[in-house]
Amino acid sequence: MASHPPESDSTSGSRQRRPRIEWFEAVLAYRRWHTIAEASRRLGVSQDLLSERIRLLEEWFNHDLFERSQPHQRLTPRMTAQGERHLPYMQQIVAAFDDLLTTLAVPAPRGQIVVALPESLATGLLAGVRAAMHERGILPPGGWRFFTARSAVVRNEVIHKRAALGLLIERDPYTDRELAVEPIARSPMCLFTNPNHRFIQRGTPVAIDELRDEVIVLDKDQSTYRAIFEGLLRRANVPIQRRDAFSNIEAVKSSVQAGPGVAMLPYFALAQEVQAGELAIVHLAEEPIYVQILLAHHPDNRLDQPALREICNEFRRRALLLPQPVAEAARR
């Protein structure tokens with residue numbers, strides 16, 4: 001059986017030759033860690049080899065995947081429009097290869113895997129992930145334990161290694177000095193109310209200042225969503241005259257639907273009710289604020305357990321399917 005050269009990928013980049021999985025891994029690593037040095041360190045290859053793999057995949061696609069700086073034409077981690085178009089497929093290819101490795105691996109006799117996540121992801125993103133894992137029969141010997149909490153609590157559980165994996169929802173952009181975090185989805189924060197509200201009926205963008213006389217419906221204390229909404233009002237010098245606070249986002253949505261009041265949550269948490277016509281998005285004159293969904297784990301935890309690696313891949317896949325608002329609503 002012929003063997004591949006040990007440390008070189010420099011072969012013909014024509015379409016007759018299928019790309020190698022290492023090329024896709026190199027592209028995704030550079031996009032994630034932003035520098036050739038860090039991406040090569042994470043993958044355990046030389047910087048020259050990683051750069052060569054990116055070049056070979058771009059050659060195979062017959063166009064650049066990353067933008068080049070001006071005037072020196074140096075590689076940047078910003079993807080081109082073509083790169084963004086092909087990104088979900090490249091992610092699926094690498095995830096599918098990880099799935100194959102998972103099925104070949106013999107599960108180590110370890111205990112229960114704990115996954116912590118915010119409530120707003122438990123009823124949507126988590127449901128599909130759990131179903132897929134059970135359908136494939138990929139379960140750790142001790143099973144799973146899932147618990148919900150606000151992002152700050154989730155982060156603390158992961159830092160102290162009481163949870164092997166956590167999902168965070170933080171304002172975009174977000175960095176963390178104590179955890180390894182990977183953004184897997186992005187969603188705009190949306191002001192919403194019931195479909196009969198005057199803001200919806202008039203059909204023109206609303207300024208934040210116009211919320212002075214509204215009932216402001218809020219999530220629980222120290223919620224990321226509540227902090228963003230109150231911060232938006234505070235920066236616009238809008239005093240909250242009438243405030244209703246609830247302990248969970250389902251109660252927030254129900255109260256707004258019944259009226260009166262307006263609230264703010266990320267679109268993925270509202271999509272079902274908006275599409276059903278039970279809630280309506282208020283088009284704001286201000287630029288939208290985005291939140292990120294992030295996979296987080298302790299830097300000491302390399303996610304090498306097959307079942308844990310698989311659940312990460314499933315979260316990535318499901319995150320790509322999260323609903324996004326129509327272009328007009330996202331732009332305003």
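For reference, positions follow the sequence shown, starting with 1.
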### Query
Ile36 and Ile54: side chain to side chain contact (heavy atoms under 4.5 Å, CB included), yes or no, with the steps?
CA-CA 10 Å; Ile36 293 292; Ile54 293 174; 4.1 Å; yes
### Task
Check the pair Glu119 / Lys220 against salt bridge (Lys or Arg N to Asp or Glu O under 4.0 Å), numbers first and verdict last.
CA-CA 11 Å; Glu119 168 210 353; Lys220 54 186 172 291; 3.5 Å; yes
### Chi angles and distances behind the salt bridge (Lys or Arg N to Asp or Glu O under 4.0 Å) call for Glu230, Arg226
CA-CA 6 Å; Glu230 288 184 318; Arg226 175 171 176 169; 3.4 Å; yes
### Query
Step by step, would you call Ile208 with Arg235 a side chain to side chain contact (heavy atoms under 4.5 Å, CB included)?
CA-CA 10 Å; Ile208 291 294; Arg235 287 190 297 275; over 6 Å; no
### Task
List the steps and the verdict of side chain to side chain contact (heavy atoms under 4.5 Å, CB included) for Glu286 and Leu191.
CA-CA 11 Å; Glu286 285 76 6; Leu191 188 72; over 6 Å; no
### Query
salt bridge (Lys or Arg N to Asp or Glu O under 4.0 Å) between Glu170 and Arg155: does it pass, once the steps are laid out?
CA-CA 11 Å; Glu170 302 289 349; Arg155 182 177 179 276; over 6 Å; no
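In summary, Arg68 and Glu58 engage in a salt bridge, as defined by a charged side-chain N under 4.0 Å from a carboxylate O. Using a 4.0 Å cut-off between charged side-chain N and carboxylate O, Glu25 and Arg42 make no salt bridge. Between Arg41 and Glu38, at least one side-chain N (NZ, or NE/NH1/NH2) sits under 4.0 Å from a carboxylate O, which counts as a salt bridge. Taking the charged nitrogens against the carboxylate oxygens, Glu314 and Arg318 do have a contact shorter than 4.0 Å, which makes a salt bridge. Residues Arg53 and Glu22 are not paired through a salt bridge, judged by the lack of any N-O separation under 4.0 Å between the basic side chain and the carboxylate.
For the pair Asn301/Leu308, a side-chain contact is recorded, criterion being any heavy-atom separation below 4.5 Å from C-beta on. Within the 4.5 Å cutoff, no side-chain heavy atoms of Pro19 are placed close to those of Leu56. In this structure, the side chains of Trp144 and Met133 come closer than 4.5 Å at one or more pairs of heavy atoms. Looking only at side-chain heavy atoms (C-beta outward), Met189 and Leu232 stay at 4.5 Å or farther from each other. Contact annotation: the side chain of Leu87 approaches that of Leu28 to within less than 4.5 Å [non-hydrogen atoms, C-beta and beyond]. Side-chain contact between Ile293 and Leu322 is present, with at least one heavy-atom pair separated by less than 4.5 Å. Within the 4.5 Å cutoff, no side-chain heavy atoms of Cys312 are placed close to those of Glu182. Contact of the Leu121 side chain with the Leu126 side chain is not registered, since no non-hydrogen atoms from C-beta on lie closer than 4.5 Å.
Just one residue in the list Pro325, Pro188, Ser120, Cys190 forms a side chain to side chain contact (heavy atoms under 4.5 Å, CB included) with Phe268, and that residue is Ser120.
Listed for the Gln324 side chain is a donor-acceptor partner under 3.5 Å among the backbone atoms of Arg186. A donor-acceptor pair under 3.5 Å is formed between the side chain of Glu210 and the backbone N or O of Ala207. Side chain of Glu273 to backbone of Lys253: no donor-acceptor contact under 3.5 angstrom is found. A donor-acceptor contact shorter than 3.5 Å is absent between the side chain of Ser187 and the backbone of Pro266. Of the possible polar contacts, one joining the Gln201 side chain to the Pro195 backbone as a donor-acceptor pair under 3.5 Å is found. Counting only distance, with no hydrogens or angles, the side chain of Thr193 and the backbone of Gly261 share a donor-acceptor pair below 3.5 Å. For Arg74 (side chain) and Ser69 (main-chain N/O), no donor-acceptor pair under 3.5 Å exists by modelled atom type. Checking side-chain atoms of Arg202 against main-chain N and O of Pro205 turns up a donor-acceptor pair under 3.5 Å.
With rounding to the nearest 0.5 angstrom, the CZ atom of Arg171 is 4.0 Å from the CD1 atom of Ile289. Atoms CD1 and CG, on Ile184 and Leu125 in that order, are 6.0 Å from each other to the nearest 0.5 Å. Summarising the geometry, atom OG1 belonging to Thr35 is positioned 11.0 Å from atom CG belonging to Leu75; distances are rounded to the nearest 0.5 Å. Taken from CD in Glu84 to CE in Met79, the straight-line distance is 6.0 Å, to the nearest 0.5 Å. The CZ atom of Phe192 lies 12.0 Å from the CD atom of Glu278; values are rounded to the nearest 0.5 Å. In this structure, CZ on Phe97 lies 12.0 Å from CG on Asn313, to the nearest 0.5 angstrom.
Closest non-hydrogen pair, Ala26 versus Leu43, comes out as CA-CD1, 3.9 Å. Contact record, Asn248 with Ala251: OD1-N, 2.8 Å, taken as the closest heavy-atom pair. Shortest non-hydrogen contact noted between Val262 and His197 is CG1-NE2, 4.2 Å. Counting all heavy atoms, side chain and backbone alike, Ile311 lies closest to Leu165 at CG2-CD2, 3.9 Å. Of all heavy-atom pairs spanning Asp209 and Val238, the tightest one is CA-CG2, 3.8 Å. Between His297 and Ala164 the shortest heavy-atom distance is CB-O, 3.6 Å.
Other residues, nucleotides and ligands contribute more than 12 heavy atoms inside 6.0 Å of the CD atom of Gln82.
For residues 207-263, no residue pair satisfies the ring pair (Phe, Tyr, Trp, His ring centres under 6.0 Å) rule, not counting sequence neighbours.
Both Ile21 and Trp23 are members of a single hydrophobic cluster when ILVMFWY side chains are connected at heavy-atom separations under 4.5 Å. Linking Ile, Leu, Val, Met, Phe, Trp and Tyr whenever their side-chain heavy atoms come within less than 4.5 Å leaves Leu65 and Trp33 in two separate clusters.
Phe66 pairs by the ring-ring contact (aromatic ring centres under 6.0 Å, His included) definition with Tyr30, not counting sequence neighbours.
Within the hydrophobic cluster formed by Ile, Leu, Val, Met, Phe, Trp and Tyr side chains joined at under 4.5 Å, directly or through other members, Ile159 is accompanied by Val154, Val158, Leu168, Tyr174, Leu179, Val181, Leu294.
Ring planes of His86 and Phe61: parallel class, angle under 30° (limits at 30 and 60°).
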